[in-house]
Amino acid sequence: MTPTSELHIVLSTCPRDAAKKLAAILLERHLAACVNVVGSVRSLYRWEGRVVDQAEALLVIKTSSERREELFRVLADEHPYTVPEIVALPTDTVLPAYLDWVTRECRDPDHA
């Protein structure tokens, strides 16, 4: 295992019917190497003065530190929510081969 902060796990909830489209956009633009779609999570949160209880999907997105900021921009632009949850968690330790794969898959094809 290799200590690193080069790999980021990005979490984002979204309507279930938007999850596949958002994942595809991130993968097509090489902003993510992998997106897990957890098909059903129940989110309870405060929004505009009231508590909302909503079924959503959770995207678990693996990206490189180099592509994280652009991923944030694109995900925020494409997301159907006004204020989407987009949270990046740096990794502490990762299997070197997995980190290499994520780094390769997240290379910007226009700047490779």
Which ILVMFWY residues can you reach from Ile61 by hopping between side chains whose heavy atoms are under 4.5 Å apart?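 Its cluster partners, ordered by chain and number, are Val10, Leu22, Ile25, Leu26, Leu27, Leu31, Val35, Val37, Leu59, Leu71, Phe72, Val74, Leu75, Ile86.
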Mind checking whether Cys14 and Pro84 have side chains closer than 4.5 Å, heavy atoms only?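 SC-SC contact between Cys14 and Pro84 ruled out.
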Pairwise distance OG(Ser43) to CG(Leu58) - rounded to 0.5 angstrom: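 So the OG of Ser43 and the CG of Leu58 are separated by 8.0 Å.
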To the closest 0.5 Å, what do you measure between CZ (Arg68) and SG (Cys106)?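 Going from the CZ atom of Arg68 to the SG atom of Cys106 covers 12.5 Å.
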Just grab all the side chain to side chain donor-acceptor pair (under 3.5 Å) pairs involving [range], residues at least two apart or on different chains.
range: residues 73-86; result: Thr13-Glu85, Gln54-Tyr81, Glu56-Tyr81
range: residues 96-105; result: none
range: residues 21-37; result: Asn36-Lys62

Hydrophobic clusters here meaning ILVMFWY residues chained together by side-chain heavy-atom distances under 4.5 Å, can you tell me if Tyr45 and Leu11 are in one?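 No; tracing contacts between hydrophobic side chains, which count when under 4.5 Å, never links both residues.
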Residues Val52, Leu44; criterion side chain to side chain contact (heavy atoms under 4.5 Å, CB included); working and verdict: CA-CA 5 Å; Val52 177; Leu44 289 93; over 6 Å; no
With sequence neighbours excluded, residues passing salt bridge (charged side-chain N to carboxylate O under 4.0 Å, His left out) with Glu66: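 Glu66 satisfies salt bridge (charged side-chain N to carboxylate O under 4.0 Å, His left out) with no other residue.
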Run the side chain to side chain contact (heavy atoms under 4.5 Å, CB included) check on His8 and Leu89 step by step: do they pass? CA-CA 5 Å; His8 290 263; Leu89 307 171; over 6 Å; no
Of all residues at least two apart in sequence or in a different chain, which pass the side-chain hydrogen bond (donor to acceptor under 3.5 Å, both in side chains) check with Arg42?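 Arg42 satisfies side-chain hydrogen bond (donor to acceptor under 3.5 Å, both in side chains) with Asp53 only.
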